[in-house]
Peer 1: 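Before I ask anything, here is the structure I am working with.
The chains referred to below are lettered A, B, ... by the order of the sequence lines, with proteins before strands, and numbering in each begins at 1. Remember, it's a predicted structure, so these values are computed and weren't measured experimentally.
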Amino acid sequence: MTEKKKAGFRIQDMTDTNLLLAITIIVFFLMYIGAMVFQGKGFLKAQTFFNILNANASLIITACGMSLVMITGGIDISVGGVAALVSMCCAVYLDFKGGNVFGAVLISLGIGLAFGIVQGLLVAYLDIQPFIVSLAGMFFARGMTTIVNTAPFNVANEEFIAVKETRITVPGFGTVNKLGKYVPAYVEIGVIVALLVVIILFCLLRWSRLGRGFYAVGGNSQSALMLGINVRRTRFLSHLICSLLAGIGGFVYFLHVGSGSASHAMGMEMNAIASSIIGGTMLTGGVGNIIGTFFGVLSLSTIQNIVSSAGLDQAWWTGITIAAMLCIFLIVQSVVMARKKKALK
Amino acid sequence: MSQARKQVKKKFNPAVLFRKQIFIPIAALLLLAIFNLIADPSFYKITLGYNSAGDPVLSGYLMTILDYGSELAILAIGMTLVTAASGGQDISVGAAIAIAGSVILRVLCGTDSRPDHMQAPVIVAFLIACVVAMLFGAFNGALVAYFKIQPMVATLILFTAGRSIAAWINNNELPIISDPSFAVYGGFIPGIPIPTPFFIAMVCVIITMLILKFTNLGLYTQSVGINESSSKLNGLDPAFIKFLSFVLLGLCVAVAGLIKVSRLSSINYSVIAKDIEMDAILAVALGGNSLGGGKFNMTASILGAYVIQFLTTTLYKFNVQSDALPAYKAVVVIVLVVLSTPKAREFMGKIAKSLKGSERSVA
Amino acid sequence: MQEKSVLEMRKIYKSFPGVKALQGVDFTLREGEIHALMGENGAGKSTLIKVLTGVYSKDEGDIHIKGHENAVAIHSPQDAQKIGISTVYQEITLCPNLSVAENMFIGRDGGIMQNWKKMNADADKILESLGIPAKSTQQLASCSLAVQQMVAIARAVDMECKVLILDEPTSSLDEHEVQKLFGLMRDLKKKGVGIIFVTHFLDQVYEVCDRITVLRDGQLVGEYEIKDLPRVKLVAKMLGKEMDDMSDIKSSEKPYEAKEKTQPVFEAEQLVSDAGIKPFDFHIEKGEVNGFTGLLGSGRSECVRAIFGADRVLGGTVKKNGKQIKINKPIDAMRNGIAYLPEDRKVDGIVGDLSVRENIILALQVMKGFFKPFTKAEQYAFADEYIKALSIKTASADTPVKSLSGGNQQKVILARWLLTHPDYLILDEPTRGIDVGTKVDIQKLVLKLASEGMSVTFISSETDEMLRTCSRLIVMRDRRVVGELKEDELTQNKIMSTIAGGESK
């Protein structure tokens, strides 16, 4: 037995999740190194990387939730809408109702929870397809955003601005500017939140029984039921957590842009799905990894950065490159999985 | 005793009605119709007027529904096939419409973006758009059928890139066709007061029905959607059938694209046919078709499309802002979908039965 | 509750729309016994088990379990697990994307967190003690079906249960693995576990069971000590009638007699597919019934799939009536008059949501072509003809085929292929998982077709079925043809020794 274990590395012995994760991480590093070599300066600075994090903290959070739902075999396309609704509600609360930041955080969590509970109930207990439920959720959230306040506006609440402007310096990554002054590298609060979410969710999925339940339900819900897992509750929780994270993501987004608008976080659901897929989550369920999703978001945003710094700043190039990247990833995944299946035979 | 009961069942059983697939869109339509009748009967008023060119046109909310429901109905045809065969949905149809529309304008405009006359016959432009749209359909289809990528994900690619491609086709310019003969496809044929898109939609529907009747498209599609491996052993080529369904959807997209650009005689890349994929999918779902593929009912889907438009128009009538529209739509959709779940239908069936039971006991 | 019984089910009723699946069934399981639950398909065995495991909720009746004073309520598989009922189903109900160890331990009581180290160590210990060739960390999907089934059994056995339900667990195991399972069952019996064993293999019942409960049409026929119920009586109880001896089947049909020596109907030389079989030669004469035999996984299905073009053919030549033909896809084979009834009825056979009618006409329709659909009248004519000819039990030709019982589904698929009027019919495990009555029907039909001149290849896991129907057997081992038996060589012992290979025995 032990001899067999040492017999060397075989691709078919890897779990699907780990295999796809490995591909993702390798591709990300190749891409980033490529960007450093060919695009030079910008990408050599640590701050460029941190800026990618700053701008995409909210996406990381929502994509994590998305991965969770996808692992469980569902999908949630309402996350962008929820984020927009959160931004608008918080903005209105802070500026028109004289609220404080703590209250705004509670509002975000509340909105997320509300969406999670309703969508989760519909999906898990009434067996409605998650795509339809969250489609309606998205419509509802976007529509509600307009109903709450039609015009987009910047928040002027001082307490909020202070939180928004808080920068956390990262020691050791600063650069010296032309004047010889040391400029420290920094990240925003949102990044800390995002990293916390990644760590917590990773632990949840890896080491908790509930987390393994998500994989089991996604792998084969009928079997999971027979194995004694409460499938409905697991599904419900996956949607609940996803929407809750969409709420948190919405607040982080709001914190980053400092305004409320119905057109905020447009297409975020698609970016979140794309990041999850690039990160090795399969839409069929049962396969995926939060670390992969994290790298998925980074890959996606790095591509966007490369495109814009290459001077191809017309809007369509971003769309086309992301699509091309998604396409390549999907095909690679599909080919690798097919190969692996064949090797097993 | 049991035989007697069977006969009664055959005569009339309201529970059967609830289980019929077409019940869902019809019930939704009735609900909306009754709501409008109570809220404001003027909803049903149709007036005959004259447009700026002096041609007779019928106008009224019902006409709006017939008019704007057309693209949706056409898309619903293709979407139903894709859903049935692949068990997934194409979310790129909006973006693909932008591409098809852009191609049409590109061909009609030639080198100039604001020509005085069309540089090519509309039919040529349309056919080229058909080919392009079917190619993009084929791209989606190939990813789904041959690379075995889930439809939602595969079409996510074109969804992301489509509008960019549409803009790139016309160098991000905004071509305008001033020739009034182009506006016919999205407006009125001079002398006929009913909007042209409705006729186009009806032609599409009739062709589809004929195809379903005189070919095995329906049987093959359903068979593949229900059990792929069994279909393969019966001599079908499941991959090709899935592929075909996406190509056919491409054709539907081209037709819808023609109507869309003709309405404006121009194009707005980021707005044209926005969210139409969602409406088209909803139409299929409202038709009571399983979004997981398999059996389908085309009539129910098409009816579903008009119900969605009915809903939209009703909301507009009540001065709902166009941006807020989705919120109301969402609520209605959820109510409808919840009502159509087996649990709810079972419940309604029970109510119907108990009503019948009490009737009998009274008698 | 009686003393010594671990489980008592009293007056269980369960009905589905249109079907009374269980009508007041009683069932008693004693401590430390292996109890066979027998009945034809549709007799209510599966329903009774699903009621017991909480998959279905019963309409009426009580369930008592040892250690619980009152009747227990079982609403979900979790509830069943909690009160000490564990189950192994015929279909593998594990999650393919998880590791072997996780599949053994998930959904069982434990803390919030998962201790991987301990779990893997525990799993390895169990796997080793049962001799299951799998690693705890291996992804389940990378194990063979038999190993997956063994993992499911390992899980159930490890659960400290009072009642262990084995619902046809042996259908994907080979003889050796079945013996291992029986050993395990006997050990558990000694420990006082009550085991409910559902199977279609009569041999296995008489090998391990102590008592038998027979169900028919949702009703209890009776409960018997095994020694009081010889085989013939058991079958009679299951069918509800005295059965004519099955060994008569063969003599009842006259073999087809070729008028003159003709070319074989079908010939293959060095045929090989991508499913991992070695190239093989094969031929079949007009009116002949032959069969592939061998253990599960020996490649018998893969051979016939290669003939039909169901797997990708990599090489070799095939001839039909002496003329060389090319078969790349199933449709090529169909056009050449070959029909194939696949091994797995649910996955490869029926198109569940379509009606019986559509299922019957499907193959012929595909052969006729995309642009030439049959009219409704023609479709009904075909369907009605075969529903009658094969006595398929269905409410109407428009009933979805998935609502039929297993045996009737199999008949529908058979009807589908007979409708294409093939000269060469391949039946891969046509009798698996269906009731005894239908099994006999199908064997009779095979011989009848052959006597009318059709060539048939018949594959079955049950050797006596093959012996009854085939005049020539091709024996497979390790994905290669290792022998051919005919005439006097067609005996159980000879087959066994050929399968086992020269050196053993």
Peer 1: Taking everything shown except C:Lys118 itself, do over 12 heavy atoms lie less than 6.0 Å from its NZ?
Peer 2: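 At most 12 heavy atoms, drawn from other residues, nucleotides or ligands, come within 6.0 Å of this atom.
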
Peer 1: Check C:Cys95 against A:Ala216 and note the closest heavy-atom contact, atom names and distance.
Peer 2: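 Closest approach of C:Cys95 to A:Ala216, heavy atoms only: SG-O, 3.2 Å.
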
Peer 1: Could you check whether atom NZ of C:Lys329 has more than 12 heavy atoms from other residues, nucleotides or ligands sitting under 6.0 Å from it?
Peer 2: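 Check fails, neighbour count at 12 or below.
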
Peer 1: With the side chain counted from C-beta on, respond yes when C:Trp116 and A:Arg212 share a heavy-atom pair under 4.5 Å apart, and no when they do not.
Peer 2: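 With C-beta onward as the side chain, the pair touches.
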
Peer 1: Return yes if some donor-acceptor pair links the side-chain N/O of C:Asn97 with the main-chain N/O of A:Tyr215 below 3.5 Å, else return no.
Peer 2: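 Yes; judged by distance alone, with no hydrogens or angles, the pair exists.
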
Peer 1: What is the distance from atom OG of A:Ser223 to atom CG of C:Leu140, rounded to the nearest 0.5 Å?
Peer 2: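 One finds 9.0 Å between OG of A:Ser223 and CG of C:Leu140.
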
Peer 1: With a 4.5 Å heavy-atom cut-off, do C:Leu94 and A:Met226 have their side chains touching?
Peer 2: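 C:Leu94 does not reach A:Met226 side chain to side chain.
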
Peer 1: Hey, does A:Asn230 have a side-chain heavy atom less than 4.5 Å from the side chain of C:Gln78?
Peer 2: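 C:Gln78 vs A:Asn230: side chains touch.
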
Peer 1: Please round to the nearest 0.5 Å and tell me the distance separating atom OG of C:Ser76 and atom CD1 of A:Ile229.
Peer 2: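 Between atom OG of C:Ser76 and atom CD1 of A:Ile229 there are 12.0 Å.
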
Peer 1: Going from CH2 on A:Trp207 to CE on C:Met113, what distance comes out if it is rounded to the nearest 0.5 angstrom?
Peer 2: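 Going from the CH2 atom of A:Trp207 to the CE atom of C:Met113 covers 8.0 Å.
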
Peer 1: For C:Asn103, is it the side chain, the backbone, both or neither that has a heavy atom under 4.5 Å from a heavy atom of chain A?
Peer 2: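 When you check distances to chain A, atoms from both the backbone and side chain of C:Asn103 fall under 4.5 Å.
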
Peer 1: Do you know which two heavy atoms are closest between A:Leu227 and C:Arg155, and how far apart they sit?
Peer 2: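 Closest approach of A:Leu227 to C:Arg155: O-NH2, 2.6 Å.
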
Peer 1: Can you tell me which of A:Gly218, A:Cys203, A:Gly286, A:Ala224 forms the most heavy-atom pairs within a distance under 4.5 Å of chain C?
Peer 2: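 Option with the top pair count is A:Gly286.
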
